[in-house]
**Student:** 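Here you go, one structure.
What you see is a predicted model; the values in this text were computed from it and never measured. Both backbone and side-chain heavy atoms feed into the values below; hydrogens, waters and symmetry mates do not.
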Amino acid sequence: MFNQLNVKSQASAHNSQRLLESIVRQLVYHFNRNRSTAIPINILANMMRSTLFVLQHQPKIIEQQTDEEIEMIFKSGQAIIEQQLIKLNTMYRSLIIPDLFFDNIKYRDVIEHQIPGFFIRYDFEYHAHDFIYDFDYPLLDGMPLEHQMYHLQGIDLVTEYLQRLAYEQDFIRLFSRNDLQEFLRDYEQQQNISLKFLGVNLCEICLQQFLFALVTKQKKLSISREEVSFIIKQLDSINDSLLSTQRLFCQLAEQVSTELHQYLLKYQSTFRIRLQYALQEHHLTNLIIMHNEQPETTKQLVYHPLLTNEQFMYIIKQFECCENNEKKHAYLVSLKLHPNDLFDLLNELNIDHEILSAYFAALDPIAVSCLLLTCFPEAFAFTAVNNFDNLITAIDQPEYAWQTIFINYCQALGTEQKKLIAEQIVSFRPLF
């Protein structure tokens, strides 16, 4: 435990332990309103971790200090954290982009509720190391924030998250509101999804589009049909994903600050892999979002709002009331569910092998790819989808019986169907 502190010897560690216990004893006494030093062991353990966290924020070495000096060091650590909290609040206010056209639940929840909630509830006296939220909105790394992600705690972890989010917001500010709005509308229609409920990173989808736009020497997100054709010809003529990626990120460096460019380089390897596959399979049109002058307003999207508990239980009850397998199959097919809801529903229901096989056969390639990504995200997360059969074979032992039936169904598909599903997986993978 004391390796976290700046101690130089075993004697220093022993002294630090004694002094740490002294600080925690005072905190316990204060916590109990000066009445007792008795406290549940879990609360005591939290206080110990919180105290260690505070002591890490002061620059002085914990060596042969008196109790009074250690108390002053502890208070100076708290003062440093308090100042950090003030600076963090200022950083947060600078993140807010007025009228940002990005109607994404996870993004808005982080900006409008989770970050403000942290400032309201953060307790640097007794729980300085704690972080009460797991931010739902993913960063450019492609993963949601986890406590262990940056090996940081408390306010340090929030500071790291906000600093990265600040870089992403700086990049989004490169584009006008109209350009961004048109691009997001085109993105939803071309990919046949809704961005509202997905854990998708705005910076990532904009960065990928902007890199392609740089081929035309233009600083925008909306790319016309003619420009898409030009981009494809240019990249096909080079036919080298590594060289093209390096050139595009060099051009990107001319458009943004050095610090922002260093941050955006986190996406470089992912972009190269996607470009490489698209060049091999001649599917660059799946990566480039083409501007639609006459957007479709009635096109049905794959993603539907997540069900409430009441709606979920109602569906289960309706399924169980179906008289025979034929009606159960028809009812399942009639449902248009978010992949997460479908995953939960199949886990909950006891469905015959015959019904499941018929249901999977009724799914289109988009639905199959979404269900695969929902069920087995780890199998597709970092692997190029260039051999669908190998990926299916490599999936670990499924947890549920219906997943085994689903895998067997996928393995039995024809070559053309597998190719279509693989294309959809490449397209949707950034969103899962």
**Student:** Just so I know, are the side chains of Leu202 and Asn104 near enough to count as touching, which here means a heavy-atom distance under 4.5 Å?
**Tutor:**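 They are not in side-chain contact.
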**Student:** Could you go through the side chain to side chain contact (heavy atoms under 4.5 Å, CB included) check for Tyr400 and Phe406 one step at a time?
**Tutor:** CA-CA 10 Å; Tyr400 300 97; Phe406 183 48; over 6 Å; no
**Student:** Do the side chain of Ser244 and the main chain of Ser241 share a donor and acceptor less than 3.5 angstrom apart?
**Tutor:**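 Between the backbone of Ser241 and the side chain of Ser244 there is no qualifying donor-acceptor contact (under 3.5 Å).
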**Student:** Anything under 30° is parallel, anything over 60° is perpendicular, the rest tilted; go ahead and classify Phe175 against Phe171.
**Tutor:**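 Perpendicular, since the angle between the ring planes exceeds 60°.
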**Student:** Between CD of Gln114 and NZ of Lys106, what distance do you get to the nearest 0.5 Å?
**Tutor:**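 Interatomic distance, Gln114 CD to Lys106 NZ, rounded to 0.5 Å: 9.0 Å.
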**Student:** What's the separation between atom OG1 in Thr404 and atom CG in Leu356, rounded to the nearest 0.5 Å?
**Tutor:**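 The CG atom of Leu356 is 11.0 Å from OG1 of Thr404, to the nearest 0.5 Å.
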**Student:** For Leu95 and Ala166, work out which heavy atoms get closest and say how close.
**Tutor:**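 In this case the closest contact between Leu95 and Ala166 is CD2-CA, 3.1 Å.
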**Student:** Do the non-hydrogen side-chain atoms of Tyr122 and Leu85 ever get within less than 4.5 Å of each other?
**Tutor:**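 When only atoms from C-beta onward are counted, Leu85 and Tyr122 do touch, with a gap below 4.5 Å.
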**Student:** With no hydrogens and no angle check, is any side-chain donor or acceptor of Lys418 less than 3.5 Å from a backbone partner on Gln411?
**Tutor:**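 Judged by distance alone, yes, a pair lies under 3.5 Å.
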**Student:** Give a yes or no answer on whether the side chain of Asp179 reaches the backbone of Leu221 with a donor-acceptor pair at less than 3.5 Å.
**Tutor:**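 Looks like yes, one N/O pair under 3.5 Å.
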**Student:** Do Leu346 and Leu342 come close enough that some side-chain heavy atom pair is under 4.5 Å?
**Tutor:**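 Leu346 vs Leu342: side chains touch.
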**Student:** Mind running salt bridge (Lys or Arg N to Asp or Glu O under 4.0 Å) on Arg164 and Glu160 for me, showing each step along the way?
**Tutor:** CA-CA 6 Å; Arg164 291 178 178 230; Glu160 178 70 17; 2.8 Å; yes
**Student:** With under 30° as parallel and over 60° as perpendicular, where do the rings of Phe319 and Tyr331 fit, or are they tilted in between?
**Tutor:**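 Because their plane-to-plane angle lies in the 30° to 60° range, the rings of Phe319 and Tyr331 count as tilted.
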**Student:** Which residues pass the salt bridge (Lys or Arg N to Asp or Glu O under 4.0 Å) test with Asp156, not counting sequence neighbours?
**Tutor:**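 For Asp156 there are no salt bridge (Lys or Arg N to Asp or Glu O under 4.0 Å) partners, ignoring immediate neighbours.
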**Student:** Quick check: does any side chain N or O of Tyr92 sit under 3.5 Å from a backbone N or O of Ile111, one acting as donor and the other as acceptor?
**Tutor:**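 Checked: pair present.
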**Student:** Would a distance-only check, ignoring hydrogens and angles, find a side-chain to backbone donor-acceptor pair under 3.5 Å from Gln251 to Leu211?
**Tutor:**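 It does not hold such a pair.
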**Student:** Taking the side chain as C-beta and beyond, is there a heavy-atom pair between Leu248 and Phe210 under 4.5 Å?
**Tutor:**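 Leu248 vs Phe210: side chains apart.
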**Student:** For Tyr161 and Val110, what are the C-alpha separation, side-chain angles and deciding distance, and is it a side chain to side chain contact (heavy atoms under 4.5 Å, CB included)?
**Tutor:** CA-CA 11 Å; Tyr161 181 87; Val110 165; 3.9 Å; yes
**Student:** What pair of heavy atoms forms the shortest contact from Ile289 to Gln190, and how long is it?
**Tutor:**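 Between these two residues, the closest heavy atoms are CA-OE1, 3.5 Å.
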**Student:** If you measure from CG on Leu242 to CZ on Arg272, what distance do you get to the nearest 0.5 Å?
**Tutor:**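 So the CG of Leu242 and the CZ of Arg272 are separated by 6.0 Å.
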**Student:** Applying side-chain hydrogen bond (donor to acceptor under 3.5 Å, both in side chains) to Tyr267 and Gln208, what does each step give before you reach the verdict?
**Tutor:** CA-CA 9 Å; Tyr267 182 66; Gln208 178 170 291; 2.6 Å; yes
**Student:** State the CG-CG distance between Leu275 and Leu235, to the nearest 0.5 angstrom.
**Tutor:**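 So the CG of Leu275 and the CG of Leu235 are separated by 6.0 Å.
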**Student:** Begin from the C-alpha positions of Ile205 and Phe183 and carry the test side chain to side chain contact (heavy atoms under 4.5 Å, CB included) through to its verdict.
**Tutor:** CA-CA 10 Å; Ile205 61 176; Phe183 166 67; 4.2 Å; yes
**Student:** So, do Cys203 and Leu264 sit near enough that their side-chain heavy atoms are less than 4.5 Å apart?
**Tutor:**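 Side-chain contact under 4.5 Å: yes.
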**Student:** Could you give the distance from CG (Leu207) to NZ (Lys266), rounded to the nearest 0.5 Å?
**Tutor:**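 Leu207 CG to Lys266 NZ: 13.0 Å, rounded to 0.5 Å.
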**Student:** Might you work through the side chain to side chain contact (heavy atoms under 4.5 Å, CB included) test for Leu371 and Phe360, ending with a clear yes or no?
**Tutor:** CA-CA 10 Å; Leu371 189 55; Phe360 294 142; 4.1 Å; yes
**Student:** To the nearest 0.5 Å, what is the distance between CG (Leu287) and CZ (Arg274)?
**Tutor:**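 Taking CG in Leu287 and CZ in Arg274, the distance rounds to 8.0 Å.
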**Student:** Do other residues, nucleotides or ligands put more than 12 heavy atoms under 6.0 Å from the CZ atom of Phe119?
**Tutor:**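 Counting other residues, nucleotides and ligands, CZ of Phe119 exceeds 12 neighbours.
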**Student:** Within a strict 4.5 Å, meaning less than it, do heavy atoms of the Gln209 and Ile223 side chains meet?
**Tutor:**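 A side-chain contact under 4.5 Å exists here.
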**Student:** Any side-chain heavy-atom pair from Glu182 and Arg185 closer than 4.5 angstrom?
**Tutor:**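 Yes; the side chains approach each other to less than 4.5 Å.
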**Student:** Do the non-hydrogen side-chain atoms of Leu345 and Phe312 ever get within less than 4.5 Å of each other?
**Tutor:**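 Side-chain contact under 4.5 Å: yes.
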**Student:** Between Ile366, Leu372, Asp364, which is the residue that forms a side-chain contact (heavy atoms from CB on, under 4.5 Å) with Val368?
**Tutor:**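 Answer to the side-chain contact (heavy atoms from CB on, under 4.5 Å) test with Val368 among Ile366, Leu372, Asp364: Leu372.
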**Student:** Is the side chain of Glu188 donor-acceptor paired with the backbone N or O of Leu195 at a distance under 3.5 Å, no angle test?
**Tutor:**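 A pair under 3.5 Å: yes.
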**Student:** Above 12 or not: heavy atoms from other molecules or residues under 6.0 Å from CD of Glu348?
**Tutor:**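 Incorrect, the count does not exceed 12.
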**Student:** Do the ring planes of Phe212 and Phe271 sit parallel (below 30°), tilted (30 to 60°) or perpendicular (above 60°)?
**Tutor:**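 The arrangement is tilted - the two ring planes meet at 30° to 60°.
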**Student:** Look at the side chain of His282 and the backbone N and O of Asp236, then say whether any donor-acceptor pair between them is shorter than 3.5 Å.
**Tutor:**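 Not at all, since once roles are kept as given, no pair shorter than 3.5 Å links the two residues.
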